[in-house]
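Keep in mind that the numbers below use all heavy atoms, side chains included, and drop hydrogens, waters and symmetry copies. The first residue in the sequence is number 1, and the count goes up from there.
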Amino acid sequence: MPDSEQTKEQTTEQEEGRKLEKIGGVTLDLTRWPGEDYYSDGTSEDEILQIVKEKEPQEFDQVIREKNSWPVLYHLSPIRGNIVDWIPFQGTEKVLEIGAGEGAITTTLARRCGQVVCNDLSKKRSEINAYRNKDRDNITIHVGNFRDVEPDLDRDFDYIFLIGVLEYAGVYMGGSDPFRMELLRLLPHLKAGGRLVIAIENRLGLKYFAGCREDHTGRYFDGIESYADSTGEAKTFSRPGLEQILQSVGASEYSFYYPYPDYKFMETLYSDQRLPEASELSSNIRNFDRDRLLLFDEKKAYRGILSEGVYPLFANSYEIIVGPSLPVAYCKFSTDRDPGYQIRTDFRLLGRTGIVCKYPETEAAAAHVQRMSASCKGLKARYEDGNADPAHQLFIAPCRETMDGGVLFDFVPGLTLESLLDQALSAGDKKTFLALLSSYRDRVGYNSGAPISDYDCTFSNILIYNDTWTAIDYEWAVDEAIPVRDQLVRSLVCYVREDGKRKGALEKLIGRSELLSFLQVSEDEIEKLTAAEDAFQEHVTGGTMALGELRSKIGGEVIKPAELQTDAEKAAHLKKIHDEQVAKEKEERRRAREAVAVQVFFDTGKGYSEEESFIVDHDYETEGVNAFTIQVPANVKRLRIDPARVPCICLLRRADIDGNPSLMQNPKYRRVTPASSLGEGGAITFLDCDPWLDFDMVKIRKKLKDKDPQKANTVSLAIQIAGIPGTMADMVLSRRKRDR
């Protein structure tokens with residue numbers, strides 16, 4: 001019996017009047033299920049159910065890359081769990097998840113918490129959830145409408161989660177104010193001091209103004225227009241709208257967080273205590289499931305929004321913690337890496353200051369995180385030896401290990417070197433820009449002979465406060481001396497790559513030749529160092545495909561109206577259309593050649609197979625006549641010729657073996673595909689897309705009376721081929737079946 005069948009115990013138990021089913025260690029409570037799923041995504045759910053039955057969770061990333069499917073990515077990507085993984089759980093929490101669906105969030109909660117109770121409308125979705133978490137024994141899933149299940153739920157939960165669910169309250173709650181009513185029914189299920197967590201899109205999110213469709217209705221500007229013309233029942237809210245709902249149910253204590261790019265595939269979490277910088281908001285093209293317009297550059301728009309302090313009104317998504325505040329003010333996930341390097345970085349408030357925490361996101365990454373404390377000691381020994389000039393010293397942010405497998409860094413105030421360089425670049429201040437690079441060279445290059453270097457000492461990883469420079473991230477410290485010139489060049493490469501507009505501004509401000517002279521490198525050396533950076537990034541990712549790459553493979557088209565396109569963009573668009581047309585014509589020619597390519601198969605006693613076949617080179621003696629000669633080894637028992645890959649009429653103009661012109665023409669020694677017929681003059685009509693002629697080489701050799709059993713035979717054929725339109729072939733086949 002397959003493993004997937006062994007894990008499912010179809011037990012229908014009566015436990016205090018409840019109907020329970022077990023899948024592995026997961027319990028499905030079907031007591032309130034009406035016996036039919038009224039909501040389904042159709043065949044995609046069947047596909048995902050099959051995947052979770054056959055594959056282990058660690059194989060999901062590979063499946064996602066192979067499938068190139070939005071539903072598979074959305075439901076199986078571990079990145080979905082980031083929206084709750086940042087919460088500082090103790091590991092003993094009892095949590096409730098409403099609208100658990102196919103388990104993307106459940107998986108993370110079950111790993112981080114003590115007991116997970118779920119609710120979902122759909123039995124099939126709940127089965128998917130159970131199969132993917134079958135090795136867990138701390139999950140119970142109540143299947144049925146929340147209104148029906150709610151009376152059965154306990155009232156002592158530490159957390160209740162509504163991740164992408166509140167907007168659907170109108171579907172399953174009903175009434176004139178379903179959003180308020182849902183919260184009123186949920187809040188009593190929290191213990192004293194418990195928290196309700198809501199993740200939802202902002203109907204005024206900047207991406208919707210820029211040309212993204214509304215996530216639920218698929219209409220442009222639907223949320224912005226307050227769903228005035230929408231027939232859908234899902235509805236999202238602005239921040240003031242959400243606050244009105246919360247205040248109406250008596251929730252006076254709540255905190256807003258801002259998942260970026262959105263809550264579905266969150267990479268970074270911001271808060272009112274730590275809002276983003278404009279340079280951080282560059283992952284804006286994320287339309288996986290449908291086309292979008294591109295009406296303006298969101299990154300440029302964010303600059304003004306942030307400078308005027310209104311980012312909370314235009315964030316694409318919200319995560320609201322209803323209840324006591326949490327200490328986390330910022331969180332960044334590095335999950336587009338090899339599993340051995342996947343980590344999470346938090347900034348937590350601590351009194352008037354804070355601490356930075358780094359945690360492994362996988363078991364494989366634990367050693368990588370723990371190495372940071374040793375790197376700290378080595379780097380301090382290099383840079384803080386007491387001999388450095390204080391005006392040119394690089395300090396190393398202190399680091400210490402935690403009891404739960406992470407490392408802690410004291411909070412360091414200041415601006416990043418990256419931000420200061422951006423300011424100089426924007427102001428056209430060449431002197432300050434080069435002075436900052438010179439100071440980097442002096443400070444990072446200190447004690448350059450020491451056998452330790454911070455490979456990732458980039459501009460964004462150095463904080464400057466007054467004249468104190470501190471390296472805040474040495475995740476990639478190495479036990480070797482890296483020339484400071486190489487580190488400076490790498491940092492500039494990263495700086496330019498993170499914002500494409502910096503390259504042009506930098507060349508305009510300084511000029512490439514002057515910059516190369518300042519860096520003391522040649523063009524060839526730049527090329528080598530850039531290649532080394534590419535190799536490093538490939539090592540870090542380990543073949544893991546970033547979401548940006550997946551979007552380019554499975555995402556919708558990004559459409560920029562012609563009126564908004566620059567001349568260069570218009571030219572690029574026309575070139576793209578031309579290139580696509582050329583590629584299409586090339587593919588059509590290739591398929592046409594393939595359709596009339598002749599394939600030869602040898603049967604040496606094991607039957608025909610692709611492994612013992614080849615496409616022959618042939619000449620056209622006259623139009624439509626393919627002529628070729630092949631050597632048939634003595635151990636070949638049968639010879640098969642596939643003259644084409646389309647319905648056709650074939651005439652053997654020549655079929656000689658070792659110069660004998662009659663044997664292979666003899667129908668006694670050959671077979672043809674069943675969907676064929678022999679016409680006048682020996683023409684064979686093939687009515688399917690797999691025509692073939694099969695020659696009995698054993699009988700033919702006997703007739704040749706060749707006494708050398710090791711001798712190969714020379715077969716020369718000339719086949720005249722005329723294609724038959726598929727519709728005509730179908731008509732003939734249909735008539736034959738009818739006549740039978």
Side-chain angles (χ1 to χ4, degrees), residues 585-701 703-704 711-726 728-730 732-733:
E585 292 172 357
K586 184 178 179 180
E587 177 64 14
E588 288 173 351
R589 290 194 296 271
R590 184 190 68 78
R591 290 182 178 178
R593 288 195 303 271
E594 245 186 27
V596 295
V598 178
Q599 188 169 10
V600 174
F601 292 82
F602 291 154
D603 177 6
T604 58
K606 298 177 290 187
Y608 293 122
S609 67
E610 291 290 332
E611 288 73 21
E612 290 191 284
S613 76
F614 57 93
I615 303 295
V616 299
D617 294 325
H618 54 75
D619 297 319
Y620 291 101
E621 290 187 342
T622 59
E623 186 174 353
V625 179
N626 293 346
F628 56 92
T629 299
I630 58 174
Q631 296 296 313
V632 182
N635 65 336
V636 174
K637 300 182 183 301
R638 304 194 72 89
L639 169 68
R640 172 174 148 176
I641 307 293
D642 288 14
R645 288 173 174 76
V646 292
C648 59
I649 298 173
C650 293
L651 180 62
L652 284 177
R653 290 288 188 184
R654 183 174 68 251
D656 299 350
I657 180 167
D658 294 345
N660 189 312
S662 60
L663 288 175
M664 298 189 72
Q665 289 277 22
N666 193 331
K668 292 196 306 182
Y669 304 129
R670 72 168 189 247
R671 298 180 301 172
V672 293
T673 181
S676 64
S677 60
L678 187 63
E680 294 183 7
I684 306 168
T685 301
F686 295 99
L687 297 175
D688 65 9
C689 291
D690 187 26
W692 48 260
L693 299 95
D694 184 345
F695 299 94
D696 189 332
M697 296 303 298
V698 174
K699 289 183 179 180
I700 291 172
R701 287 197 186 95
K703 285 294 180 181
L704 284 173
K711 178 185 174 184
N713 301 104
T714 301
V715 174
S716 178
L717 296 116
I719 307 175
Q720 186 170 2
I721 302 173
I724 302 174
M728 186 179 294
D730 291 342
V732 175
L733 283 171

State which residues pass side-chain hydrogen bond (donor to acceptor under 3.5 Å, both in side chains) with K711; sequence neighbours excluded, sorted by chain then number.
-> D706

Closest heavy-atom pair, L651 versus G682, reported as atoms and distance to 0.1 Å, is CD1-C, 3.7 Å

Show every donor-acceptor pair shorter than 3.5 Å between a side-chain atom in residues 599-606 and any protein atom, with sequence neighbours excluded, or say none if there are none.
| from | atom 1 | to | atom 2 | distance (Å) |
| --- | --- | --- | --- | --- |
| Q599 | OE1 | R645 | NH2 | 2.9 |
| Q599 | NE2 | E610 | OE1 | 3.1 |
| Q599 | NE2 | S613 | OG | 3.0 |
| D603 | OD1 | G605 | N | 2.8 |
| D603 | OD1 | K606 | N | 3.3 |
| D603 | OD1 | G607 | N | 2.9 |
| T604 | OG1 | E612 | OE1 | 3.4 |
| T604 | OG1 | E612 | OE2 | 3.3 |

Of all residues at least two apart in sequence or in a different chain, which pass the salt bridge (Lys or Arg N to Asp or Glu O under 4.0 Å) check with E611?
-> none

Using a 4.5 Å cut-off on heavy atoms from C-beta on, say whether the side chain of R670 contacts that of I684.
-> yes

Show your reasoning for whether side chain to side chain contact (heavy atoms under 4.5 Å, CB included) applies to I719 and L652.
-> CA-CA 5 Å; I719 307 175; L652 284 177; 3.8 Å; yes

Output all residues satisfying side chain to side chain contact (heavy atoms under 4.5 Å, CB included) with I649, sequence neighbours left out; order by chain, then residue number.
-> A683, T685, I724

Contacts under 3.5 angstrom, residues 628-639 side chains, donor-acceptor by atom type, not counting sequence neighbours:
| from | atom 1 | to | atom 2 | distance (Å) |
| --- | --- | --- | --- | --- |
| Q631 | OE1 | T714 | OG1 | 3.3 |
| Q631 | NE2 | T714 | OG1 | 2.9 |
| R638 | NE | D694 | OD1 | 3.1 |
| R638 | NE | D694 | OD2 | 3.3 |
| R638 | NH1 | D696 | OD2 | 3.4 |

For M664 and F695, work out which heavy atoms get closest and say how close.
-> O-CE2, 3.4 Å

Residues forming a salt bridge (Lys or Arg N to Asp or Glu O under 4.0 Å) with R640, sequence neighbours excluded = D642, D690

Measure the spacing between CG of D656 and OG of S662 and express it to the nearest 0.5 Å.
-> 9.0 Å

Say you draw a straight line from CD1 of I700 to CG of L663; how long is it, rounded to the nearest 0.5 Å?
-> 6.5 Å

In Å and rounded to the nearest 0.5 Å, what is the CG to CD distance from N660 to Q665?
-> 10.5 Å

Please name the pair of heavy atoms, one in T673 and one in P691, separated by the smallest distance, quoted to 0.1 Å.
-> CG2-CA, 4.0 Å

Between CG on residue L693 and CZ on residue F686, distance to nearest 0.5 Å | 4.5 Å

Could you check W692 against R671 for side chain to side chain contact (heavy atoms under 4.5 Å, CB included), going step by step and ending with a plain yes or no?
-> CA-CA 8 Å; W692 48 260; R671 298 180 301 172; 4.3 Å; yes

